Amino acid sequence: MKIRELVVATKNKKKMQEIRDLLKGNGIKLYSLADFPDAPNVREDGKTFKENAAKKAVRIAKFTRKLTLGEDSGLEVKALNGAPGIYSSRFSGWPKDDQRNNRKLLRKLKDVVRSSRGAAYKSAVALADINGLIKVVEGACSGIIGDAPKGTCGFGYDPLFIIPKYKKTFAQLGEKIKHTMSHRAKALDKIKKTLIDL
Ligand code: IMP
């Protein structure tokens with residue numbers, strides 16, 4: 001099998017580990033931004049997950065001159081009109097802090113009943129090379145926001161994100177189950193063929 005090289009334009013170690021797990025077994029040697037300490041900081045100033053994912057992929061591909069995958073993701077809560085959305089990682093300000101973000105989300109939903117706490121994780125994945133953008137796709141996963149954090153796996157909003165089928169949060173269910181249904185797994189699945197055929 002021909003080994004391909006792919007840079008993942010992220011510094012988020014947990015996200016990187018998920019992408020590693022999800023792309024395992026396809027003959028792809030993965031690098032993250034930890035392997036390129038001089039890579040430019042890409043400002044996430046797009047209006048959509050897709051715009052941000054594409055921006056990360058194109059900028060980092062230009063810098064590394066390698067095939068690059070950009071991923072931008074977040075949580076959209078119906079009762080909050082889609083917030084925190086593209087602002088998910090910095091919902092409660094800087095520096096980014098998952099626990100503080102979760103506390104803010106719980107505060108905002110404190111008067112919202114369980115039946116109105118629907119939400120979706122979204123993940124946009126973009127592929128680019130030195131010549132520019134190749135493809136952008138999106139995956140989504142539906143859930144319900146719980147009223148207290150539960151579980152220790154995953155990252156971000158996982159302790160609050162309940163999968164109705166299991167009545168448990170992603171943080172309780174663990175990576176194996178998360179990878180069968182997550183927004184990131186669905187987006188990567190859509191781009192895998194392009195990645196392998198290139
Ligand atoms: P990004 O690094 O700008 O794409 O930010 C993604 C943010 O969205 C994370 O910091 C989390 O707050 C949230 N998020 C995205 N995907 C997940 C997930 O799989 N689990 C939990 N939180 C997630």
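Residue indices begin at 1 and follow the sequence shown. Just follow the structure's listing: the first ligand is 1, and inside any ligand the first atom is 1. Here the structure is a predicted model, which means the values were calculated and not measured.
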- request: Check the side chains of Arg103 and Ser92 for a donor-acceptor pair under 3.5 angstrom, ignoring hydrogens and angles.
  value: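 The answer is no; no qualifying pair exists.
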Give the residue, atom name and distance (to 0.1 Å) of the protein heavy atom nearest [atom].
atom	value
atom 10 (O) of ligand 1	Ser89 CB, 3.2 Å
atom 2 (O) of ligand 1	Lys15 NZ, 3.1 Å
atom 19 (O) of ligand 1	Lys178 NZ, 2.7 Å
atom 3 (O) of ligand 1	Glu44 OE1, 2.9 Å
atom 20 (N) of ligand 1	Asp158 OD1, 2.8 Å
atom 16 (N) of ligand 1	Arg184 NH2, 2.8 Å

On the 0 to 90° scale, with breaks at 30° and 60°, tag the Phe36-Phe63 ring pair as parallel, tilted or perpendicular.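 Ring orientation, 0 to 90° scale: perpendicular.
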Any heavy atom of Tyr121 under 4.0 Å from ligand 1? The part involved is side chain
Residue-ligand contact [X]/ligand 1, heavy atom below 4.0 Å:
X	result
Leu75	no
Gly154	no
Lys96	no

*Please examine the side chains of Ser116 and Lys78, heavy atoms only from C-beta on, and report whether any two atoms are closer than 4.5 Å.*
no
- Message: Within the structure provided, determine whether Asn41 and Lys11 are in side-chain contact (heavy-atom separation under 4.5 Å).
- Response: yes
Looking only at distances, please establish whether an N/O atom of ligand 1 is found under 3.5 Å from an N/O atom of [X].
X	result
Tyr157	yes
Asn12	no
Ser73	yes

Worksheet item: Gly156 heavy atoms, cut-off 4.0 Å: which ligand 1 atoms fall inside?
Response: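 Going through ligand 1 atom by atom, the ones under 4.0 Å from Gly156 are 21 (C), 22 (N).
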Note to self: Show me which atoms of ligand 1 lie under 4.0 Å from any heavy atom of Gly74.
What the structure shows: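 By the 4.0 Å cutoff, the relevant atoms are 8 (O), 15 (C).
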Partners meeting side-chain contact (heavy atoms from CB on, under 4.5 Å) with Ala171 (sequence neighbours left out):
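Scan of Ala171 (side-chain contact (heavy atoms from CB on, under 4.5 Å), adjacent residues dropped) gives Asp158, Pro159, Thr169.
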What one should report as the nearest heavy-atom pair of Tyr157 and Phe91 is OH-CB, 3.4 Å
(request) Report yes or no: do Leu127 and Val137 belong to one cluster of Ile/Leu/Val/Met/Phe/Trp/Tyr joined by side chain heavy-atom distances under 4.5 Å? (result)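 Yes, same cluster.
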Check: Between the main-chain N or O of Glu138 and the side-chain N or O of Lys190, is there a donor-acceptor pair closer than 3.5 Å?
Finding: yes
Kindly list each side-chain donor-acceptor pair under 3.5 angstrom involving residues 53-62, sequence neighbours excluded, with atom names and distances?
unit_1: Lys55; atom_1: NZ; unit_2: Arg43; atom_2: O; d: 2.9
unit_1: Lys55; atom_1: NZ; unit_2: Asp45; atom_2: OD1; d: 2.6
unit_1: Lys55; atom_1: NZ; unit_2: Asp45; atom_2: OD2; d: 3.3
unit_1: Lys56; atom_1: NZ; unit_2: Glu44; atom_2: OE2; d: 3.3
unit_1: Lys56; atom_1: NZ; unit_2: Glu71; atom_2: O; d: 2.8
unit_1: Lys56; atom_1: NZ; unit_2: Asp72; atom_2: OD1; d: 3.1

Item checked: Charged N-O contact under 4.0 Å between Lys186 and Asp189 -> no
